[in-house]
Amino acid sequence: MKGIGMPGYPAVRLGLPATRRIQALWRQQRPDVVYLATQGPLGWSARRAARRLGIPLVAGWHTNFDHYCRNYGVPWLAPLLLHGLRQFHDACHATLVPTQRQAQALARLGFKRLAVMGRGVDPARFSPTLRCQALRQRWGADAHSPVALHVGRLAPEKTSVCCARRCTPCALPGPTWRR
């Protein structure tokens with residue numbers, strides 16, 4: 001599918017609308033259900049195509065786009081964006097959110113059919129009891145040194161700076177803080 005760089009943020013690619021193309025593909029090979037991971041133009045196209053073909057829709061809530069309006073200097077746009085997000089998600093059989101707290105917040109804003117599908121770390125697989133001392137030594141960390149890892153895109157709206165500020169106090173007791 002074709003895409004363009006987002007205005008003012010060209011590193012983020014927006015899929016261009018492609019309803020007819022998606023419908024044609026899904027007529028040839030019909031999915032049982034469609035998962036919508038984006039509310040951008042391509043996501044709206046997939047939503048429209050699935051509804052026209054009677055294919056059930058499930059969406060994921062990955063980003064609080066309405067919050068970004070403040071980061072990009074257009075806070076007046078937030079209510080309009082929130083209205084569009086509600087329309088997008090309320091057409092789905094379910095919207096999957098990462099936490100109960102997120103589900104409650106969206107429900108207060110009028111979103112319907114919310115379900116929690118947790119993300120993140122599996123505490124049974126990633127437990128401090130499973131630490132590898134040899135690996136920690138290669139990193140220059142002893143048994144009591146905190147080790148933090150950020151995996152993701154660094155961007156103002158993702159509050160990566162706040163993440164770095166929260167981690168910085170971990171380094172204060174000693175000189176081993178590295179980036």
Side-chain angles (χ1 to χ4, degrees), residues 1-6 8-15 29 31-43 46-47 50 56-72 78 81-82 85 88-89 92-109 111 113-179:
M1 299 290 172
K2 292 183 180 181
I4 60 169
M6 189 169 90
Y9 206 156
V12 174
R13 306 283 299 164
L14 296 174
Q29 191 170 1
D32 295 323
V33 65
V34 171
Y35 177 78
L36 300 171
T38 178
Q39 299 89 355
L42 188 57
R47 175 186 174 273
L57 290 165
V58 175
W61 184 271
H62 300 279
T63 307
N64 292 310
F65 286 112
D66 55 309
H67 295 186
Y68 290 4
C69 293
R70 286 186 298 275
N71 295 86
Y72 290 100
L81 187 56
L82 193 57
L85 289 170
F88 183 90
H89 286 277
C92 298
H93 289 78
T95 292
L96 304 175
V97 299
T99 65
Q100 190 61 43
R101 184 176 179 182
Q102 181 75 72
Q104 292 165 347
L106 290 173
R108 282 192 299 274
L109 293 171
F111 286 77
R113 293 180 296 287
L114 301 165
V116 175
M117 183 177 83
R119 301 182 199 140
V121 175
D122 176 354
R125 296 184 81 179
F126 298 95
S127 165
T129 62
L130 302 174
R131 283 183 176 170
C132 175
Q133 195 54 44
L135 179 60
R136 293 177 67 79
Q137 285 176 339
R138 281 199 311 250
W139 290 340
D142 64 28
H144 303 290
S145 298
V147 175
L149 172 68
H150 171 80
V151 178
R153 182 171 56 86
L154 298 175
E157 73 274 8
K158 297 209 177 266
T159 62
S160 303
V161 173
C162 293
C163 175
R165 285 188 191 131
R166 281 188 212 109
C167 291
T168 301
C170 297
L172 293 179
T176 60
W177 181 253
R178 293 188 311 239
R179 288 183 183 216

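Note that the coordinates shown come from a computational prediction; the quantities given were computed from them, not determined experimentally.
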Main-chain N/O of Phe88 paired with Arg47 side-chain donor or acceptor, under 3.5 Å: yes

Do Thr99 and Gln104 come close enough that some side-chain heavy atom pair is under 4.5 Å? no

Between Leu57 and Val33, does the side chain to side chain contact (heavy atoms under 4.5 Å, CB included) criterion hold? Intermediate values first, please. CA-CA 6 Å; Leu57 290 165; Val33 65; over 6 Å; no

Within this structure, what is the CG-CH2 distance for the pair Leu106 and Trp61, rounded to the nearest 0.5 Å? 5.0 Å

NE2 on His62 to CG on Leu36, rounded to 0.5 Å: 9.5 Å

Separation between CG (Leu135) and CZ (Arg138), nearest 0.5 Å, reads 5.0 Å

Using modelled atom types and a 3.5 Å cut-off, is there a donor and acceptor pairing between side-chain atoms of Arg136 and backbone atoms of Ala141? no

Can you tell me how far the CG atom of Leu82 sits from the CG atom of Asp66, to the nearest 0.5 Å? 5.0 Å

Classify the side-chain pair Gln39/His89 by whether it contains a donor and acceptor separated by less than 3.5 Å. yes

Distance in Å, Cys132 SG paired with Gln137 CD, rounded so as to fall on 0.5 Å steps: 8.5 Å

Check: Cys92 main-chain N/O paired with Arg113 side-chain donor or acceptor under 3.5 Å: yes

Interatomic spacing from CG in Leu109 to CG in Leu85 - rounded to 0.5 Å: 10.0 Å

Tell me which one of Val58, Val116, Leu114 satisfies side chain to side chain contact (heavy atoms under 4.5 Å, CB included) with Leu96. Val58

